[in-house]
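Read through the structure below, which is laid out as structure tokens, and then see the notes.
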Amino acid sequence: MADYEPHHHSHHQTLIPKETALQAINTIIQLHFEKTLEKKRAIDLQKKKLHKHFLLFFIFLSLTFNAQSLSQSTRLQCRHCWIPITLLSLAHLFFYVSVAQTLRCINGFKYQRRCHKLTLGLATEKLREIKIRLSNGEFGDGFAEDGGAGGGEFEIHYQEPPESYFGKFKRNWALHFGFLIFIYGFMVSSSVVILCF
């Protein structure tokens, strides 16, 4: 029979100095704060782009509507109403695609911003907890790197919002889509009324 000798491992804990651990958390906080501001600027830029799309679209609609109203003097008949309706349909299609793309970007930036804000909040809370525990003398010389006595205390995992958060995006999209369908219906019916009655 072979002799079995248990191996004794010398388990040496490496301590991370308190200042290094606090600096790591402060760096995480700074990073997520800057990312939150960056996403806010990106959202604002996309909103300006969306407003520009709306402005150009409504200028086009007003020009089309104005041209139809003036067309009665040039004797456009009811059979010609397909021309403005086709123009309106193409303009709405182009506008839907550009709004959909812009809203997709806005929603993506909002989601990323929310993740950074949640991570920022968690990191700030961890920093506050660690400072309180340090002031009570709980950690002594530092933090254990391997997960013992305070190890992992300054690990901050990227946070994501719950699934219910996506409902807000769906409501926002439905609102914009309903508004655009209403405008399309109004413009088509007004084209028919102006040219045919």
Side-chain angles (χ1 to χ4, degrees), residues 28-125 156-197:
I28 291 170
I29 289 171
Q30 183 65 32
L31 171 77
H32 286 288
F33 180 72
E34 288 171 3
K35 288 290 186 182
T36 301
L37 293 178
E38 178 185 312
K39 299 304 175 190
K40 173 73 170 121
R41 285 190 292 273
I43 290 168
D44 291 342
L45 187 66
Q46 290 296 318
K47 283 182 178 178
K48 285 180 184 175
K49 187 177 176 182
L50 186 64
H51 290 179
K52 183 180 173 185
H53 286 313
F54 269 105
L55 182 63
L56 291 173
F57 180 65
F58 282 111
I59 288 172
F60 173 78
L61 290 181
S62 63
L63 290 174
T64 305
F65 192 70
N66 190 33
Q68 287 177 357
S69 348
L70 298 175
S71 69
Q72 284 188 326
S73 61
T74 60
R75 297 291 179 212
L76 268 181
Q77 301 299 318
C78 185
R79 64 178 182 252
H80 299 126
C81 72
W82 63 270
I83 296 170
I85 289 174
T86 303
L87 282 174
L88 289 171
S89 298
L90 289 174
H92 274 80
L93 179 64
F94 175 75
F95 186 64
Y96 288 166
V97 169
S98 63
V99 166
Q101 179 62 29
T102 306
L103 284 177
R104 192 172 139 246
C105 290
I106 288 173
N107 290 340
F109 288 138
K110 281 184 177 181
Y111 179 79
Q112 292 171 355
R113 181 172 181 238
R114 181 70 177 156
C115 292
H116 287 299
K117 284 174 82 172
L118 289 172
T119 308
L120 175 64
L122 178 65
T124 304
E125 182 63 27
I156 310 294
H157 297 287
Y158 190 70
Q159 301 294 302
E160 293 187 7
E163 286 293 321
S164 61
Y165 186 72
F166 291 108
K168 185 171 105 174
F169 297 137
K170 290 176 185 173
R171 285 189 304 273
N172 192 17
W173 176 247
L175 182 68
H176 279 87
F177 189 71
F179 176 71
L180 294 175
I181 292 296
F182 172 76
I183 294 295
Y184 178 70
F186 174 76
M187 290 306 291
V188 168
S189 62
S190 66
S191 298
V192 171
V193 165
I194 288 173
L195 295 175
C196 297
F197 297 107

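What you see below is based on every heavy atom in this structure, not just the backbone, and it leaves out hydrogens, waters and symmetry mates.
The distance from the CZ atom of Phe186 to the CG atom of Leu88 is 11.0 Å, given to the nearest 0.5 Å. Atom CG in Leu56 sits 6.5 Å away from atom NZ in Lys52 (nearest 0.5 Å). Going from atom CD of Gln101 over to atom NE2 of His53 covers 9.0 Å, rounded to the nearest 0.5 Å. The distance from atom OG1 of Thr119 to atom NZ of Lys117, rounded to the nearest 0.5 Å, is 12.0 Å. With values rounded to the nearest 0.5 angstrom, Lys48 atom NZ is found 14.5 Å from Thr102 atom OG1. Between atom CD1 of residue Ile43 and atom CG of residue Leu50 there is a gap of 13.0 Å, rounded to the nearest 0.5 Å.
Between Leu122 and His157, the shortest heavy-atom distance links the atoms CD2-O, 4.1 Å. Looking at every heavy atom in both residues, Gln112 comes nearest to Tyr158 through O-OH, 4.1 Å. Minimum heavy-atom separation, Tyr165 to Lys110: OH-O, 3.6 Å. In plain terms, the two heavy atoms of Cys115 and Gln159 that are nearest each other are CB-O, 3.3 Å. Nearest heavy-atom pair, Ala123 versus Ile29, reported as atom, atom and distance to 0.1 Å: CB-CG1, 3.6 Å.
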Could you walk me through whether Glu160 and Tyr111 pass the side chain to side chain donor-acceptor pair (under 3.5 Å) test, one step at a time?
CA-CA 8 Å; Glu160 293 187 7; Tyr111 179 79; 3.2 Å; yes

Assess the residue pair Phe58 and Ile183 against the criterion (side-chain contact (heavy atoms from CB on, under 4.5 Å)); give the C-alpha distance rounded to whole Å, side-chain angles, the decisive distance to 0.1 Å, and a yes or no.
CA-CA 10 Å; Phe58 282 111; Ile183 294 295; 4.1 Å; yes

Between His116 and Phe33, does a ring-ring contact (aromatic ring centres under 6.0 Å, His included) hold up when you go through it step by step?
CA-CA 7 Å; His116 287 299; Phe33 180 72; over 10 Å; no

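Screening Phe179, Tyr184, Phe54, Phe60 for a ring-ring contact (aromatic ring centres under 6.0 Å, His included) with Phe95, the sole residue that qualifies is Phe54.
Counting heavy atoms from C-beta outward, Ile28 and His32 have side chains that approach closer than 4.5 Å. Side chains of Gln30 and Glu34 form a contact here, defined as non-hydrogen atoms less than 4.5 Å apart.
Ile181 is linked by a side-chain contact (heavy atoms from CB on, under 4.5 Å) to Tyr96, Phe177, counting only residues two or more places apart in sequence or in another chain.
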